[in-house]
Colleague: 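Supplied in structure tokens, the structure appears directly below.
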Protein chains: 2
Amino acid sequence: MDLSERQLQILQAIITDYVENAEPVGSRSIAKKYDLGVSPATIRNEMSDLEEMGYLTHPHTSAGRVPSDKAYRLYVNELMKKKNLSAKDKRMINDRLSASRDEFDRTIRHAAELLSEITHLASFAMTPATNEETISFIKLLPVDERTLILMIVSEGGQITNTTLRLTVPYTQEALDLLSKNMTVSYKGRTLDDVLKSEIIHDVGSDIEALSSLKGSVMPGFLRTLEDMLNVNLYMEGMTNIFNLPEYTSIDRARDFMELFARKDWFTQKMLARDNGVVVTIGDENDTMKDCTLITATYHVDGKLVGKIGVIGPTRMKYDEITSIMEYLTNNLSESFRLPGSTGDGNAGDKKQKK
Amino acid sequence: MDLSERQLQILQAIITDYVENAEPVGSRSIAKKYDLGVSPATIRNEMSDLEEMGYLTHPHTSAGRVPSDKAYRLYVNELMKKKNLSAKDKRMINDRLSASRDEFDRTIRHAAELLSEITHLASFAMTPATNEETISFIKLLPVDERTLILMIVSEGGQITNTTLRLTVPYTQEALDLLSKNMTVSYKGRTLDDVLKSEIIHDVGSDIEALSSLKGSVMPGFLRTLEDMLNVNLYMEGMTNIFNLPEYTSIDRARDFMELFARKDWFTQKMLARDNGVVVTIGDENDTMKDCTLITATYHVDGKLVGKIGVIGPTRMKYDEITSIMEYLTNNLSESFRLPGSTGDGNAGDKKQKK
DNA sequence: GTTAGCACTCATTAAACGAGAGTGCTAATT
DNA sequence: AATTAGCACTCTCGTTTAATGAGTGCTAAC
């Protein structure tokens, strides 16, 4: 049961108008503003049909029509045209996103800030999940007699280091040996794997000094692995939503804020989403059924995948926002590419239902 | 112009009642609930006097009285008695605050969480400012031919390290020499000082290889210094305030949230506050004139000073909250004491106007 | 198939009203 | 002289009522 050309035009007009003004739109105003060459009465009839098909709703009898989630879905999948970013937005992204591998986290946070500034919505950005990363080698570097640096290098080139302070002195020999043993034991295994497997015994404890050192180092090692696995989540522009008419009720605003207070939960949810630009509208989300959530992925060295997203009411400028996010993530992926590497990171445009 | 005993009793009763119920309190309910042995009429007369002296206000003619900032000030300075923590709260703090020097930031964040949970207010915690810390030594450790670890150790024992990736290979000699030169140049100077002074030239560039290496390392060095100087600010329990009657207006809530969005600004404000338990009420704050802000300080090794605090409406349980914060900061300072060191960190009880 | 016309619906706003809580004053009481 | 009882007065808050107006849905004409 396809929609006629005119129905699509009317639906598009209603969406455009409602997104703009946040108020139920009536037949008369459609007829006046959008030049469809038909009278309000005709539009009324069509609207009635569209409502029957589930694309529109009625807050109450004598109010205008409001697009349903289904209408937005149709719009995102079929009607929406890619928007060209304004020169201002492009400039903003290019200028302010001085990404560099060194300042990874900082860049990611900047990206989230930028996104919320441009879209006037709440935004977030996540550093890549490193579940699949494998360990390349582990090194223990001496600092002073009771202090050492533990360094973990992943195959993907990620390097993390932590300073450990021991309660007893160590010897250089023990240090070297432990480094070697740990590397042998863990090389090629994923962080996840190493952290979960409790096989910490087999690192070798032949020598007394080594065994003691191992005991001191291991907890730090595990903690560092955990830190490597932890994706960082940055949230920006939370207060933007206070300016939106759909959040003038304190309860709505509270719900919204509380969602973000549970960072870890939210992170999990977002990690589960597909790659590329993903739009989930209203009911398609299992929580926040009156929100739309748009995420996009950026790539590091064309491999690791991080996410960036915006959250707002289902009424939002889908065309603009998806375009902005595509531009932004391409820009990010570009910045995070290893000098030598190739591969375009596949920052595609898959609009898909989750 | 001192207050009579009875006036103090009445004032105390009004504060207690208002703090509890958040509604203007009338003469009749005071007479009924608090056994002062006088009739409502007498209380009315006293209330009238108290109002004239600026301790009470009237939302409108025929409403009950509400304590003014001045009244809260008097209460905090004179009337308030130290409260004993409930066993539950004590246990909570003792159990959950498994502080350890290694996981400094984590512990601080936990403390903020805990504080907001116990007080049902918004809380924050700041890591210590290290402006005054001086550099002990700088070390460059080799990782692979183009990667090295830069380590900065402060006199106070703080250790920070960053991984640097160079575009060109380096030599071991150059590395050692640069480490030595940098240590000589910067040893004993404060982080602040080093960062501000642009005297990066005199690190010595006699050798070609050294000069090139220096050029690559210096930006990373400065960035790391900046990171060391940056105090981290953790905010928790923001959404608690939505449950308070004073924040049912969306505008109020928005203002509140927006304040915290500007983390850096807020950090600056908080750094400027005195040590110990400091309470600033309503107008005493230059922003947030309808809030009370309570901060307390904890100590690291009896020296460095970090802050923890709560924010809420001027109507709050001053006695409980200050007691909780004192207990909590003492606990923190205790945990962050170096094994060898002494000195009680002077976590005093100075209630003072800012 | 389209449009004009018109009755009808329903949210929103303003005004009117009564109830209730609390004060402030005066006069009586201790 | 201090305290209290009594009462008129004020102001908020919730409810009711009425008017307004935007917008639909239907019918009949084009």
Side-chain angles (χ1 to χ4, degrees), chain A residues 2-11 13-18 20-68 71 245-246 248-250, chain B residues 3-11 13-18 20-68 71 245-246 248-249:
Chain A
D2 265 1
L3 299 185
S4 72
E5 186 58 33
R6 192 169 68 187
Q7 284 175 324
L8 287 176
Q9 276 178 7
I10 290 174
L11 189 57
I14 291 174
I15 290 175
T16 308
D17 203 81
Y18 184 69
E20 185 71 33
N21 303 313
E23 262 164 36
V25 15
S27 56
R28 224 177 88 88
S29 64
I30 289 288
K32 215 185 267 181
K33 281 196 232 172
Y34 306 85
D35 206 17
L36 301 179
V38 287
S39 77
T42 312
I43 294 176
R44 270 204 293 283
N45 291 331
E46 296 285 31
M47 291 204 298
S48 182
D49 291 352
L50 284 169
E51 179 161 7
E52 209 168 336
M53 289 185 268
Y55 292 104
L56 296 177
T57 48
H58 241 180
H60 53 88
T61 319
S62 91
R65 296 312 210 289
V66 172
S68 67
E246 22 274 283
T248 42
S249 135
I250 199 84
Chain B
L3 299 184
S4 74
E5 187 58 33
R6 192 169 65 189
Q7 284 175 324
L8 287 176
Q9 276 178 7
I10 292 174
L11 190 56
I14 292 174
I15 291 174
T16 308
D17 202 83
Y18 185 69
E20 186 70 31
N21 304 313
E23 263 163 36
V25 14
S27 54
R28 222 175 90 87
S29 64
I30 289 288
K32 214 184 268 181
K33 281 196 233 171
Y34 306 85
D35 205 18
L36 301 180
V38 287
S39 76
T42 312
I43 293 176
R44 273 205 292 284
N45 291 330
E46 297 285 30
M47 291 204 298
S48 182
D49 291 351
L50 284 168
E51 178 161 9
E52 209 169 337
M53 289 185 270
Y55 291 104
L56 297 176
T57 46
H58 241 180
H60 54 88
T61 319
S62 91
R65 296 314 210 285
V66 172
S68 67
E246 22 273 283
T248 42
S249 136

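In what follows, every chain begins at residue 1, and chains take the letters A, B, ... in the order their sequences are listed.
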Colleague: CD1 of B:Ile14 versus C1' of C:dG22: gap in Å, rounded?
Modeller: 13 Å
Colleague: Looking at the side chain of B:Arg65, which of C:dT2, C:dG24, D:dG25 is the nearest nucleotide?
Modeller: C:dG24
Colleague: Nearest whole angstrom, please: distance from the P of C:dT3 to the CG of A:Leu36.
Modeller: 11 Å
Colleague: Mapping A:Asn45 and A:Pro24 to their closest nucleotides on DNA chain D, which lands nearer the 5' end?
Modeller: A:Pro24
Colleague: Side chain of B:Ser48 only, heavy atoms from C-beta on: which candidate in C:dT3, D:dT4, C:dG24 is closest?
Modeller: C:dG24
Colleague: Reckon A:Arg44 has a side-chain N or O less than 4.0 Å from the OP1 or OP2 of C:dA4?
Modeller: no
Colleague: Check this one for me: any side-chain N or O of A:Thr42 less than 4.0 Å away from OP1 or OP2 of C:dT2?
Modeller: no
Colleague: Could I get a table of every N or O pair under 3.5 Å where one atom is in the protein and the other is in nucleotides 11-19 of chain D?
Modeller:
residue	atom	partner	partner atom	Å
D:dC11	OP1	B:Thr61	OG1	3.4
D:dC11	O2	B:Ser62	OG	3.3

Colleague: Heavy atoms only: give me the nearest B:Arg65-B:Ser48 pair and the separation to one decimal.
Modeller: NH2-CA, 3.7 Å
Colleague: Can you tell me how far CD1 of B:Ile30 sits from CD of B:Glu46, rounded to the nearest 0.5 angstrom?
Modeller: 12.5 Å
Colleague: List the atom of A:Thr248, the atom of A:Pro245, and the distance in Å for their closest heavy-atom pair.
Modeller: OG1-O, 3.0 Å
Colleague: Mind listing the closest non-hydrogen atom pair of A:Gly64 and A:His58 along with its distance?
Modeller: O-CD2, 3.8 Å
Colleague: What's the shortest heavy-atom distance between A:Gln7 and A:Leu50, and which atoms?
Modeller: O-CD1, 4.0 Å
Colleague: Closest nucleotide of DNA chain D for B:Gly37 versus for A:Arg28: which of these residues is on the 5' side?
Modeller: B:Gly37
Colleague: Let me know the distance between CD of B:Gln7 and P of D:dA2, rounded to the nearest Å.
Modeller: 13 Å
Colleague: Between B:Leu50 (CG) and C:dG24 (P), how many Å, whole number?
Modeller: 12 Å
Colleague: A:Asp49 CG to D:dC26 C1': how many Å, rounded?
Modeller: 14 Å
Colleague: To the nearest angstrom, how far is B:Glu46 atom CD from D:dT3 atom C1'?
Modeller: 11 Å
Colleague: Which heavy atom in B:Ala71 sits nearest to a heavy atom in B:Ile15, and how many Å separate them?
Modeller: O-CD1, 3.8 Å
Colleague: Send over the distance from B:Ile10 CD1 to C:dT23 P, rounded to a whole Å.
Modeller: 12 Å
Colleague: Work out which heavy atom in B:Met47 is nearest to a heavy atom in B:Leu56; give both atom names and the distance.
Modeller: O-CD1, 3.9 Å
Colleague: Rounded off to whole Å, could you give me the CD1-to-P distance for the B:Ile43 and D:dT3 pair?
Modeller: 11 Å
